There are 2 protein chains.
Amino acid sequence: MSRTVLTREQVLQAADDLVRQHGPDALTMRGLAARLGTAVTSIYWHVGNRESLLDALVERAVEEIGAIQPAGRTPATRIVSVARRLRGELRARPHLIAMVHERGLTERVFLPAQRALVREAHTAGLRGARAAEAVRAVQFQVVGFVLVECARELAPAEPRERPRKTASARKDPALARALARPADPERLFTASMRALVKSLLAQGNA
Amino acid sequence: MSRTVLTREQVLQAADDLVRQHGPDALTMRGLAARLGTAVTSIYWHVGNRESLLDALVERAVEEIGAIQPAGRTPATRIVSVARRLRGELRARPHLIAMVHERGLTERVFLPAQRALVREAHTAGLRGARAAEAVRAVQFQVVGFVLVECARELAPAEPRERPRKTASARKDPALARALARPADPERLFTASMRALVKSLLAQGNA
DNA sequence: ACCTGAACACCGTTCAAGT
DNA sequence: ACCTGAACACCGTTCAAGT
């Protein structure tokens, strides 16, 4: 697998592959060394230690995501489009996002998109602290949603409890059935994003 | 520290204390044994292994949270009250919540509160799949928000980047200042929760 | 500048043996 | 039924030594 000399970039790439596929727990210094055909200690020379290696991967992921262009005609649809695109980017690397999350870097992932959101909030008539609050609400909503969503996918299949017949269930069987089915994240995300944005932007016309 | 014989409950309690204060990484089987004044292998007899010990702690936490009574007059305020109370419960045990999250058990935490939410959605006029969607949107929003929030607190102080002067910043300095300040989670949570619920319930009067 | 093996301290877990 | 020490396989990391 290895060629010529070992470079820091090679180490990062191999680690990235491993983490993306099997998560950070699968990344052991010894295993990585074996994969690269070198001694464990060589890796230390190139990346310092395991922790800073993971940091570098997180850094990479954050940069990869970068800025996102809004699409659509109204500010509301444009904000929702940014949110959906961002969700897509995050979902594409669930393990990395979990790591970004653990490191408390969630806000950083959002910085590139923030400017776009600010612009839309502004054209929707929001100003000052209220605009800032709206932008942040959207950010938290997106990241939070994706975290919940990824956790569900990465976790070993949540044991579904069979729904009990409650009073409300008998009154509205369609509701009970809908809650018994697993949620459709794509649909739920868009719906709740639209709902949130609608309310937030409505404050601008007051 | 130890008395008489070792019980499973004692093991769980000691582990719980440790995890609540210093997080799951601080829980080592050997360290726990030392704390309890027994051999490591005794712990294995009582709880199986580390993984199932952590599972038991998560189970405990989920049960502790339990049901939550809504407060307020309108369905909207009652739903928001449930959300806020739930946020409080989750925030009180950030490490445990992170573990619940990793295990994909986020939905389970919400089951006790779900019935209350369903009732409120119903009295607000929502029915069937639409009501289910509203309930789920609230759930995801709460859990997602708390996850982001806890991550920020547990992580070793996010390095704040100094804001750059962008075009929008010059147009609306109050907004730029607001975004430069760290977010006030309490306030942001309530605001975005209200916004979301308002939109969701508005669909019931259509 | 880059790579190496040996060694250290620490894990979770198993197992045969005790009472 | 409950507890024990010894042992195994695996970690991350350091360090002195090589080229």
Side-chain angles (χ1 to χ4, degrees), chain A residues 1-60 95-96 98-100 102-103 154-156, chain B residues 1-60 95-96 98-100 102-103 154-156:
Chain A
M1 218 44 70
S2 90
R3 310 256 80 203
T4 70
V5 290
L6 186 64
T7 79
R8 178 183 157 90
E9 209 45 46
Q10 276 176 45
V11 176
L12 289 183
Q13 193 53 53
D16 203 331
D17 294 346
L18 231 158
V19 169
R20 255 180 231 249
Q21 290 182 37
H22 307 104
D25 290 348
L27 176 72
T28 73
M29 302 302 269
R30 289 174 143 96
L32 189 59
R35 219 174 150 98
L36 288 164
T38 52
V40 210
T41 38
S42 302
I43 296 182
Y44 281 84
W45 196 90
H46 284 287
V47 299
N49 58 19
R50 195 183 116 100
E51 198 52 28
S52 57
L53 169 54
L54 289 178
D55 283 344
L57 295 187
V58 167
E59 194 59 36
R60 270 183 153 213
H95 290 297
L96 268 320
M99 288 168 58
V100 170
E102 282 168 18
R103 277 143 224 267
L154 295 181
Chain B
M1 217 45 70
S2 89
R3 309 255 83 203
T4 70
V5 290
L6 187 64
T7 79
R8 179 184 157 89
E9 209 46 45
Q10 275 176 46
V11 176
L12 289 183
Q13 192 54 53
D16 202 332
D17 293 346
L18 231 159
V19 169
R20 255 179 230 251
Q21 289 182 38
H22 307 104
D25 290 347
L27 175 71
T28 74
M29 301 301 270
R30 289 174 143 95
L32 189 60
R35 220 175 150 100
L36 288 164
T38 52
V40 209
T41 38
S42 304
I43 295 182
Y44 281 84
W45 195 89
H46 284 286
V47 299
N49 58 19
R50 195 183 116 101
E51 198 52 27
S52 56
L53 170 54
L54 290 177
D55 284 344
L57 295 187
V58 167
E59 194 59 35
R60 271 182 153 213
H95 290 296
L96 268 320
M99 288 167 58
V100 170
E102 281 168 19
R103 278 143 223 268
L154 296 181

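Treat the numbers as computed from the prediction; the structure is a model and nothing was measured. Within every chain, numbering begins at 1; the chains are lettered A, B, ... in the order of the sequence lines, protein sequences first and strands thereafter.
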Heavy-atom closest contact ([X] atom, [Y] atom, distance):
| X | Y | result |
| --- | --- | --- |
| B/Pro24 | B/His95 | CD-ND1, 4.1 Å |
| A/Ala15 | A/Leu53 | CB-CD1, 3.9 Å |
| A/Leu6 | A/Ser42 | CD2-CB, 4.0 Å |

How would you list, by chain and number, every residue that makes a side chain to side chain contact (heavy atoms under 4.5 Å, CB included) with B/Ala34, sequence neighbours excluded?
none
Identify, with sequence neighbours excluded, every residue that meets side chain to side chain contact (heavy atoms under 4.5 Å, CB included) alongside B/Glu9.
B/Thr7, B/Leu12, B/Arg60
Residues in residues 16-25 of chain A with a heavy atom under 4.0 Å of DNA chain C, by number, are none
Does any residue of residues 39-54 of chain B have a heavy atom under 4.0 Å from DNA chain C, and if so, which ones, in number order?
B/Val40, B/Thr41, B/Tyr44, B/Asn49, B/Arg50
Take atom [atom1] of [X] and atom [atom2] of [N], then tell me their distance rounded to the nearest Å.
| X | N | atom1 | atom2 | answer |
| --- | --- | --- | --- | --- |
| A/Leu36 | C/dC3 | CG | P | 11 Å |
| B/Leu27 | C/dC10 | CG | P | 17 Å |
| A/Met29 | C/dC11 | CE | P | 19 Å |
| A/Leu6 | C/dT4 | CG | C1' | 13 Å |

B/Gln10 side chain vs B/Val5 backbone, donor-acceptor pair below 3.5 Å
yes
Nucleotide-level pairing of DNA chain C, given in dot-bracket where Watson-Crick and G-U pairs need both distances under 3.5 Å and | marks other strands:
||.|||||...|||||.||
Counting only side-chain heavy atoms from C-beta out, which of D/dT4, D/dC3, C/dT13 sits nearest to B/Thr38?
D/dT4
If you apply the rule side chain to side chain donor-acceptor pair (under 3.5 Å), what do you find for B/Gln21 with B/Asp17, and how did you get there?
CA-CA 6 Å; B/Gln21 289 182 38; B/Asp17 293 346; 5.8 Å; no
Answer yes if the side chains of A/Asn49 and A/Ser52 hold a donor-acceptor pair under 3.5 Å, and no otherwise.
yes
Report yes if some heavy atom in the side chain of A/Arg103 is under 4.5 Å from a heavy atom in the side chain of A/Asp55; otherwise report no.
yes
Any heavy-atom pair between the side chains of A/Val11 and A/Thr38 that's under 4.5 Å?
no
Sequence neighbours excluded, which residues qualify as salt bridge (Lys or Arg N to Asp or Glu O under 4.0 Å) partners of B/Arg30?
none
